Structures are given as C-alpha cells and as structure tokens.
*Asks:* 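Could you have a look at this structure, given as structure tokens, before my questions?
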Amino acid sequence: MRTVAVVGASLAGLSAARSLRKQGYDGRLVVIGDELHRPYDRPPLSKEFLAGTLGEADLSLETDDEDLRAEWLLGARATGLDRTERAVRLADGREVRADGIVIATGAVARTLPGSESLAGVHTLRTLDDARALRDELARGGRLVVIGGGFIGAEVASTAYALGLDTTVVEAAPTPLAGPLGARMGGIVSTLHVDHGVRLLCGVGVKGLSGERRVDAVLLEDGRSIPADIVVVGVGARPCVEWLEGSGVELDNGVKCGADGRTSLAGVVAVGDCANWYDPRAGAHRRVEHWTGARERPDAAIATLLAGGAVEPGVPRPPYFWSDQYGVKIQFAGHAAAADSVTIEAGAADDRDVLAVYRRAGVPVAVLGMNQPRLFTRWRKQLAAASS
C-alpha cells in the first residue's frame with residue numbers, strides 16, 4: 001500500500017493518521033480537511049472556549065514535536081470518490097489517488113429551516129461557529145437555546161455563567177431521554193431549573209421572527225419567546241453526501257462492520273460519520289463521541305493494513321461526558337438496552353448520583369454525576385463484561 005488518504009482532519013482523522021504510523025505504515029499519507037484549521041479539540045467549544053477561559057492555541061490536538069510525515073490538504077472539501085480510479089475528488093478540481101482510504105468526514109450541525117438569513121442565529125460545531133457565538137455572548141442579551149441535548153445544555157450552562165438571560169426549548173417531554181432514559185434525563189436536566197434557566201419541554205419550535213436579526217422564537221403552542229441570540233442544537237447529520245454513487249454503502253452514515261470496514265475493499269470509516277456494527281446489540285450504531293473518535297481508528301487501521309484479514313474485536317461500550325453548571329456528567333453504555341435503572345450511590349436531589357442501568361439484571365450502562373471514582377470503577381466492569 002503506497003498511498004493512504006484520510007478524508008477528514010478532525011480528531012478521528014488525526015487518530016487514524018497516528019494509528020497508521022504507529023502500526024508501521026511508512027508510505028505516503030495524505031490528510032484532507034474541509035476546514036482551514038489544523039486538528040482541534042471540539043468539546044471545549046461549548047464550554048471553556050465559549051466562556052473565554054481557553055484560547056485557540058489550547059485547542060490544538062497535535063503536540064509541538066509531532067511529525068506524522070503527512071501531506072495536509074486543508075480547506076479542501078471532498079466531493080466524490082471514484083472507486084475505479086481509487087481517487088478522492090476535491091471541490092477545487094484536484095484528485096488524490098490512494099490505495100487505502102479512511103473516511104472521517106464527521107457530521108454537520110442541523111439547522112432550522114428559514115433561519116439562514118437572520119443574524120443572531122447560530123449552530124455550534126466548528127471553531128468558526130464558536131468564535132462567532134462567543135463574540136455575541138460577550139455582548140449579553142436574551143439567549144434562547146433550541147434543543148435540550150448535551151450541546152444545548154452546555155451552551156446554556158456557559159451562558160448562565162456569563163450572566164445572560166437564558167431559555168432552553170426542548171420538543172421532547174424530557175430532555176436527554178434518548179441517551180440517558182427518561183428518568184435520569186429528567187434528573188440531569190433539572191440542573192437548568194436549579195440555576196434559574198427557563199426550561200420549556202414538550203413544545204416544538206414553529207419558526208423565528210425578525211427582519212434582518214432574530215428577535216423571537218415562535219413556539220407551536222402560540223407562545224413567543226423574545227431572543228437576541230438563538231442557538232440551534234437539534235443534532236447533527238453525517239457528512240456522507242460526497243460518497244453517493246461510490247459503491248460505499250450508506251445507512252445513517254457509512255455502514256461499517258465491527259472493525260470499520262465498508263462495502264468497498266480498501267476503504268474504512270471512523271468517527272461521527274461511521275455507522276459501526278455493534279456485536280453486543282446485533283445492530284449498527286453511529287457513535288458521536290470523542291472517545292470513539294480517538295479509540296476506534298486503531299481497529300479500522302488494523303483492518304485496512306491487513307486487507308480485512310484480521311478478526312474484528314468487540315468495541316468498548318461508548319463513553320461520553322458533559323460539564324454543566326459545575327457538575328461532571330459521565331455516561332458509558334447504551335441506556336436503550338436497559339429495562340431498569342437503580343441509583344447505587346448519592347442522591348438525585350443533590351445532583352450527586354451513580355446510577356446503573358440493567359437488562360435482565362445484567363449491567364448495560366452507567367451514569368455518574370460528580371461521581372468520577374465510582375463511575376470509573378463501574379465503567380471498567382462494564383467494559384470487561386462486554387468483551
């Protein structure tokens with residue numbers, strides 16, 4: 001294998017490039033990224049960076065002495081994959097031919113239809129998004145966050161600390177019910193209420209009002225919430241349109257095996273765009289978490305370099321964390337697989353909880369709120385039981 005192209009220059013792409021060198025690949029390595037920035041850390045964008053306590057230099061994912069001997073093509077958007085020529089087509093007309101290809105194009109934030117022309121309306125996915133939102137929050141005003149998921153909750157927490165009047169609107173009856181289940185999602189989302197942030201649940205957004213700049217969020221029940229700034233946090237979609245017609249099977253992202261292999265030989269996928277097969281669940285799952293983007297490329301690269309001849313292992317249970325209102329929230333596993341949840345330590349009223357999710361008495365997930373030591377112990381047990 002003389003040339004490997006990694007399409008995507010965020011954490012998953014960087015992890016794949018590192019893994020290639022770590023596993024002995026010494027050929028030509030091309031890393032293609034649609035942003036102009038070198039790889040940077042995304043989790044702080046909604047927290048420390050947005051609050052102004054962390055600078056751009058602190059976001060770098062590369063060490064000062066790191067040299068992957070890679071060709072970096074930044075500001076270059078992939079528009080197609082020619083399977084016959086084994087070439088990645090770029091928006092500027094260039095092509096990168098490669099024997100092996102790693103798809104790591106991530107996901108893009110979903111937007112609110114009709115909001116594109118209004119100033120003051122933001123999504124938060126990239127460094128440029130965070131720069132623009134940080135500048136607006138610094139001026140103060142009334143903030144409405146549409147979506148009570150983790151990004152929305154973290155932005156609300158940061159805005160509260162900055163002194164903004166903040167409202168969170170969530171269409172579901174309970175925020176975070178998807179990743180955490182209804183009971184624990186309700187407990188975690190009560191952090192908003194604890195800190196005087198308005199939380200409106202069970203109501204959808206009809207649209208936004210304003211001429212050149214947003215001035216209100218219009219709800220489906222007829223209410224109007226005044227807003228100087230709006231953050232739309234309603235999830236993300238995988239960036240896989242460029243692969244249509246390539247022979248790479250798409251299904252909620254790039255459909256992969258348990259080792260990242262795709263339907264096209266010599267092509268693997270990692271990160272937020274990759275819909276990996278989970279042998280524990282017997283189904284495919286797309287995991288949009290930092291830990292997965294860092295850990296799973298090792299298995300995908302081993303598969304790529306071995307031509308698919310290695311036996312896929314069982315991926316570790318997905319893990320993510322969130323910092324909200326001074327509370328460290330950690331979760332591992334799959335809440336949807338559980339038929340019961342028990343609080344093993346702490347008290348829900350104190351937002352100091354260790355909860356274990358079980359199915360037929362077997363642990364399948366664990367949640368910690370300000371319980372890092374106990375959570376780490378349970379997470380290790382969960383990983384050991386799943387392997």
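We number each residue from 1, following the sequence as shown. Computed from a prediction, not measured in an experiment: that's the story for all the values here.
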*Asks:* Assess whether atom NZ of Lys380 is packed by more than 12 heavy atoms of other residues, nucleotides or ligands within 6.0 Å.
*Replies:* no
*Asks:* Any side-chain donor-acceptor pair under 3.5 Å between Ser246 and Glu244?
*Replies:*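 No.
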*Asks:* For Phe331 together with Tyr357, are the ring centres under 6.0 Å from each other?
*Replies:*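 Ring centroids of Tyr357 and Phe331 are less than 6.0 Å from each other.
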*Asks:* Side chains of Thr262 and Glu249 only: does a donor on one sit below 3.5 Å from an acceptor on the other?
*Replies:*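 Side chains of Thr262 and Glu249: no pair found under 3.5 Å.
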*Asks:* Does a donor on one side chain and an acceptor on the other come within less than 3.5 Å for Asp99 and Thr3?
*Replies:*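 There is no such pair (donor and acceptor under 3.5 Å, judged by atom type) between the side chains of Asp99 and Thr3.
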*Asks:* For residues Ile101 and Arg83, determine if any side-chain heavy atom of one lies less than 4.5 Å from a side-chain heavy atom of the other.
*Replies:*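 No, every pair of side-chain atoms sits at 4.5 Å or beyond.
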*Asks:* For Thr291 and Glu295, does a side-chain donor sit closer than 3.5 Å to a side-chain acceptor?
*Replies:* no
*Asks:* If you take all heavy atoms of Val270 and Ala300, which pair is closest and at what distance?
*Replies:*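 Looks like CG1-CB, 3.5 Å.
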*Asks:* Testing the basics here: between Thr166 and Ala159, what is the closest heavy-atom pair and its distance to 0.1 Å?
*Replies:* OG1-CB, 3.7 Å
*Asks:* Would you mind checking if Arg213 and Asp228 are paired as a salt bridge, meaning a charged N to carboxylate O distance below 4.0 Å?
*Replies:* no
*Asks:* Using every non-hydrogen atom in the two residues, find where Thr111 and Glu116 come nearest and quote the distance to one decimal.
*Replies:*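 Heavy atoms only, the tightest pair is OG1-OE2, 4.1 Å.
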*Asks:* Angle class for the Tyr319/Phe375 ring planes (parallel below 30°, perpendicular above 60°, tilted otherwise)?
*Replies:*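 Answer is tilted, since the angle falls between 30° and 60°.
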*Asks:* Report yes if some heavy atom in the side chain of Leu200 is under 4.5 Å from a heavy atom in the side chain of Arg223; otherwise report no.
*Replies:*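 The answer is yes, as the side chains (C-beta and beyond) meet within the 4.5 Å cut-off.
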*Asks:* Just checking, any donor-acceptor pair under 3.5 angstrom between side chains of His289 and Asp272?
*Replies:* no
*Asks:* Salt bridge check: are Lys47 and Glu154 linked by an N-O gap of less than 4.0 Å?
*Replies:*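 Answer for the salt bridge query: yes.
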*Asks:* Quick one: do the Thr63 and Asp65 side chains pair a donor with an acceptor below 3.5 Å?
*Replies:*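 Looking only at side-chain atoms, Asp65 and Thr63 do form a donor-acceptor pair, the distance falling under 3.5 Å.
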*Asks:* Does Arg69 CZ have over 12 foreign heavy atoms under 6.0 Å away?
*Replies:* yes
*Asks:* Any side-chain heavy atom of His122 within less than 4.5 Å of one from Val230?
*Replies:* no
*Asks:* Between Arg77 and Asp92, does at least one N-O distance fall below 4.0 Å, as a salt bridge requires?
*Replies:* no
*Asks:* Is Arg285 positioned over the aromatic face of Trp276, cation under 6.0 angstrom from the ring centre and no more than 45 degrees off axis?
*Replies:*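 Here Arg285 fails the 6.0 Å and 45° test against Trp276.
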*Asks:* Do the side-chain N and O atoms of Ser60 and Glu62 include a donor-acceptor pair separated by under 3.5 angstrom?
*Replies:*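 Result is no, nothing qualifies.
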*Asks:* So which atom in Cys273 and which in Pro238 form the shortest heavy-atom distance, rounded to 0.1 Å?
*Replies:*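 Closest pair (atom of Cys273, atom of Pro238, distance): CA-CB, 4.0 Å.
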*Asks:* Using distance alone, with no hydrogens and no angle criterion, decide if Arg42 and Tyr40 have a side-chain donor and acceptor under 3.5 Å apart.
*Replies:* yes
*Asks:* Go through the steps for Arg358 and Glu344 under the test salt bridge (Lys or Arg N to Asp or Glu O under 4.0 Å), then give the verdict.
*Replies:* CA-CA 12 Å; Arg358 294 180 172 86; Glu344 306 280 329; 3.0 Å; yes
*Asks:* Measure the shortest side-chain to side-chain distance between Arg351 and Asn370 over non-hydrogen atoms and say whether it is less than 4.5 angstrom.
*Replies:* no
*Asks:* Could you tell me whether Arg89 and Glu85 make a salt bridge, using a distance below 4.0 angstrom between a side-chain N and a carboxylate O?
*Replies:* no
*Asks:* If you look at every heavy atom in Leu68 and Ala17, which pair is closest and at what distance?
*Replies:* CD1-CB, 3.9 Å
*Asks:* Please test Asp82 against Arg97 for salt bridge (Lys or Arg N to Asp or Glu O under 4.0 Å), starting from the C-alpha separation and ending with a verdict.
*Replies:* CA-CA 9 Å; Asp82 187 327; Arg97 297 193 177 193; over 6 Å; no
*Asks:* Could you pull out the closest heavy-atom pair between Leu11 and Ala293, with the gap in Å?
*Replies:* CD2-CB, 3.9 Å
*Asks:* Are a donor atom and an acceptor atom from the side chains of Gln324 and Ser157 found within less than 3.5 Å of each other?
*Replies:* no
*Asks:* Run Arg286 and Glu288 through salt bridge (Lys or Arg N to Asp or Glu O under 4.0 Å) and show every step you take.
*Replies:* CA-CA 6 Å; Arg286 191 164 61 84; Glu288 294 185 49; 3.0 Å; yes
*Asks:* With a 4.5 Å heavy-atom cut-off, do Arg28 and Glu71 have their side chains touching?
*Replies:*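 The answer is yes; the side chains approach within 4.5 Å.
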